[in-house]
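For ligands, and for the atoms within them, numbers begin at 1 and follow the listed sequence.
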Amino acid sequence: MKGLLAALASAASVNLCNAGAGIVIPRDASPEVLAAEALAAPMILADRALSNSPTGGYTPGAVDCPSTRPTIRLATGLSESETSWLQKRRPATVQPMISWLSRMNISGFDAATYINNNMANFSNIPNIGIAASGGGYRALLNGAGFLAAADNRTSNSTNTGQIGGLLQATTYLAGLSGGGWLVTSLYSNNFSSVETLRDGSPDSSVWKFGNSIFEGPNSDGIQILSTADYFRTISDEVSGKADAGLGFNTSITDYWGRALSYQMINASNGGPGYTFSSIAESDDIQNGQIPLPLLVADERSPNTAIVSLNSTVYEFNPWEMGSWDPTTYAFAPLQYTGSNFSAGSVVANQQCVRGFDNVGFVMGTSSTLFNQFLLQINNITAIPTFLRNIFTNLLVDIGEDNNDIAQWQPNPFYGFNNQTNRNAQEAELTLVDGGEDLQNIPLYPLIQPQREVDVIFAIDSSADNQDVDTHTWPNGASLVATYERSTNATIENGTAFPSIPGIKTFVNLGLNNRPTFFGCNASNTTTGQSGIAPLIVYMPNSPYSYNSNITTFTPSYNNSERNAIIQNGYDVATMGNGTLDAEWPTCMACAVLSRSFFKTGTAVPAACQTCFDRYCWNGTLDTATPADYYPTFKVAEVNISSGASPALVVTMGAYSSALLVAVALMMI
Ligand SMILES: *[C@@H]1O[C@H](CO)[C@@H](O)[C@H](O)[C@H]1NC(C)=O
Ligand SMILES: *[C@@H]1O[C@H](CO)[C@@H](O)[C@H](O)[C@H]1NC(C)=O
Ligand SMILES: *[C@@H]1O[C@H](CO)[C@@H](O)[C@H](O)[C@H]1NC(C)=O
Ligand SMILES: *[C@@H]1O[C@H](CO)[C@@H](O)[C@H](O)[C@H]1NC(C)=O
Ligand SMILES: *[C@@H]1O[C@H](CO)[C@@H](O)[C@H](O)[C@H]1NC(C)=O
Ligand SMILES: *[C@@H]1O[C@H](CO)[C@@H](O)[C@H](O)[C@H]1NC(C)=O
Ligand SMILES: *[C@@H]1O[C@H](CO)[C@@H](O)[C@H](O)[C@H]1NC(C)=O
Ligand SMILES: *[C@@H]1O[C@H](CO)[C@@H](O)[C@H](O)[C@H]1NC(C)=O
Ligand SMILES: *[C@@H]1O[C@H](CO)[C@@H](O)[C@H](O)[C@H]1NC(C)=O
Ligand SMILES: *[C@@H]1O[C@H](CO)[C@@H](O)[C@H](O)[C@H]1NC(C)=O
Ligand SMILES: *[C@@H]1O[C@H](CO)[C@@H](O)[C@H](O)[C@H]1NC(C)=O
Ligand SMILES: *[C@@H]1O[C@H](CO)[C@@H](O)[C@H](O)[C@H]1NC(C)=O
């Protein structure tokens, strides 16, 4: 097998050459490599989520069920776990919020008095959500820039003109696809700050994106595992799961998730025993000290290829996975997924399973867009014809077996809500990238009325090409999609959303080029009086100091480029530390308070009225066909030393050849 893997790796390097990238050289484990592996074990980023898979590794294991056997529940409300967590988290946001609002300097407004006077009713205290969109590494890094700016642990982030501390006042942090890698990486590494993850340590491969996941990790010049060892380790881990005899069916997502974990999780071999549910066990979550992480994926209905806006959407939180939609309308206990549920219970006389919700598998599920390759392959001109033919054949093969998507098998919702659950009679639940329904910002968990979120910072790192090609910058398509879904009475199920204009208006009015507030009028929502929709603070990726519009399929980034994209995201969040508008931090604070003012009938302070006049979309439409969108730098461009890094020219071709390797691995 080793020979085959080496051959595959060199096949990949040939193709990488075609695409103009660096060459992947398979290396055997030399004494230096073995020494590096030994060194890699204890790393400085300290504690992480728990490695609590019962087997200690990637393979889930059968365990005795707890005395109260796990069940599937209807999605009638928040879980008991979340409800009791909120009783800790919401009070824990109060002091950080007072401190942040005060620093944001709303003239004539005393934040401490206001918040203290309204403490008797928590629904009047702002409930803040942050949502980081998909878009591969671009989205991870641009989203990281926002989180760095919002985090008071980041150096200088609490200086004038900056917004540090918002994160400490936040209740929910949602991510999808590349944004899901960001969220998962933070929580799997003990909620380390972006700055810490970025700077890492010499021995750690976390956030070292210079080697693509198709080469395997380096640590400061020493490759921890040779490429062949790396492939073999992953391959063995996935085989272990497939061969466990517990009815699991593995797919390309298992390989994908394992490979991503080497970059996102600071543990040996990418923490094969780490589960997403273990995040709930961390002291910071138990004590309500940090926001709750949420990931999003879409369901593909049986025998279909296309995921549409009325597809069922799923969320993952540390306690549960499931859907609020009127289709599945149920939640499963995440730590017991992999158990053989039928009609809501684990089949009598069978053991339970734990360890299925491997953290890489969960973030891989949210970012499983391989089925898109098949749908899009003829449109991607960067792929040479001979490769395209190979891929088409391979992808058709794996697509027919449904191997191109994440297989949650056994399906936790088998035989549950038979009347409405589209997959009720399927042994496997097939999930795909959460952005495939075009809702690329994970607003879904945050607009559920049960969560009562007041304001959502919607970080959009999309590369939109629907309607108006904006050259790998966003054009508002994601908000349009969520708005449209919320107008469909059959599927929206109480998810009120503000009015959103069409894509052309976004581009013509520059709403995709600077922060915009949607829903400033609390009474104007898609579901009318049935719910108050959150205010959306739309934060589109745009060039301040660096052209961070790197294609989604660029697989590697050197450290200078990585840092430049994070820096640009920081500038997007702070409008260049207030360079473009010194009152921007004040305006962010006003957005946070908007729903609270409405609920308490408080007169809007004059400073906030100025902000709302400036940042709220006022209902104006401009539906003319816009010119091509080529935004220019808002502050001085940074020139990174190796600006013409090979990473910039490696696009679809390299990614695809790497995909070929991954596909081939599946077939070993
Ligand atoms: C960040 O905010 C938290 C909560 O308000 C506070 O306890 C902590 O001291 C702050 N840290 C820094 C570095 O300012
Ligand atoms: C706070 O805002 C006032 C009025 O908008 C301004 O004069 C003052 O300089 C600001 N203070 C800080 C610390 O930014
Ligand atoms: C923080 O501010 C200090 C003093 O202005 C400066 O020397 C330092 O470079 C800043 N750090 C960052 C990360 O910008
Ligand atoms: C609304 O959703 C339902 C089912 O989810 C679907 O059948 C219908 O076509 C959708 N309506 C529109 C206008 O998209
Ligand atoms: C979703 O809506 C489209 C029409 O908009 C319809 O053709 C399709 O069947 C619907 N899908 C499902 C699963 O309801
Ligand atoms: C959501 O869907 C469920 C299941 O169909 C239904 O019982 C519930 O009333 C719906 N909620 C709202 C707010 O429409
Ligand atoms: C991609 O190609 C297919 C044909 O292979 C075509 O039907 C589809 O419209 C194209 N999609 C886009 C977004 O251009
Ligand atoms: C739902 O479907 C399952 C599997 O086919 C079946 O065993 C069960 O009896 C059904 N439940 C109801 C309430 O019809
Ligand atoms: C904003 O401040 C950060 C550090 O606090 C700094 O790194 C960055 O360069 C500043 N951006 C601008 C546009 O001044
Ligand atoms: C609404 O916004 C548009 C541009 O975004 C502006 O031209 C117009 O004057 C604004 N209208 C009002 C009433 O403020
Ligand atoms: C809601 O706002 C939109 C955009 O401003 C506007 O077109 C619509 O008429 C408003 N609806 C109501 C009921 O006020
Ligand atoms: C990125 O944006 C710049 C300027 O807006 C544009 O010239 C360039 O073509 C874009 N790059 C990609 C990959 O779309």
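Here Tyr570 has side-chain heavy atoms under 4.0 Å from ligand 9, and that is the only part of it that gets that close.
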What donor-acceptor contacts under 3.5 angstrom involve side-chain atoms of residues 165-174, with partners at least two apart or in another chain?
unit_1: Gln168; atom_1: OE1; unit_2: Asn152; atom_2: N; d: 3.1
unit_1: Gln168; atom_1: NE2; unit_2: Asp151; atom_2: OD1; d: 2.9
unit_1: Gln168; atom_1: NE2; unit_2: Asn152; atom_2: OD1; d: 3.2
unit_1: Thr170; atom_1: OG1; unit_2: Leu166; atom_2: O; d: 2.8
unit_1: Thr171; atom_1: OG1; unit_2: Asn127; atom_2: OD1; d: 2.7
unit_1: Tyr172; atom_1: OH; unit_2: Glu82; atom_2: OE2; d: 2.6

Donor-acceptor pairs are to be reported for all side-chain atoms of residues 283-292 against protein atoms at under 3.5 Å, with residues two or more places apart or in another chain.
unit_1: Gln286; atom_1: NE2; unit_2: Ala280; atom_2: O; d: 3.1
unit_1: Asn287; atom_1: ND2; unit_2: Asp283; atom_2: O; d: 3.1
unit_1: Gln289; atom_1: NE2; unit_2: Asn287; atom_2: O; d: 3.3

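Taking a heavy-atom cut-off of under 4.0 Å, ligand 2 is surrounded by Asn105, Thr160.
Side-chain contact between Ser157 and Ile163 is absent, with no heavy atoms from C-beta onward closer than 4.5 Å. In this structure, Asn541 and Asn568 have side chains that are in contact, with non-hydrogen atoms separated by less than 4.5 Å.
Geometrically, ligand 9 and Gln162 share a nitrogen or oxygen pair separated by less than 3.5 Å. Here's the thing with Asn577: one of its N/O atoms is less than 3.5 angstrom from an N/O atom of ligand 9. Distances between N or O atoms of Glu195 and those of ligand 3 include no value under 3.5 Å.
Legend: ring pair (Phe, Tyr, Trp, His ring centres under 6.0 Å) pairs involving residues 90-112, not counting sequence neighbours, sorted by first then second residue: Phe109-Tyr114, Phe109-Phe597.
Between Cys608 and Cys590, the two SG sulfurs come within 2.5 Å of each other, short of that mark.
Between Phe506 and Tyr538, the ring-plane angle classifies as perpendicular under the 30° and 60° cut-offs.
Using a distance-only test at 3.5 Å, with no hydrogens or angles considered, no donor-acceptor pair links the side chain of Asn317 to the main chain of Pro293.
Close contacts between ligand 9 and Asn156 involve ligand atoms 5 (O) [criterion: under 4.0 Å to a heavy atom].
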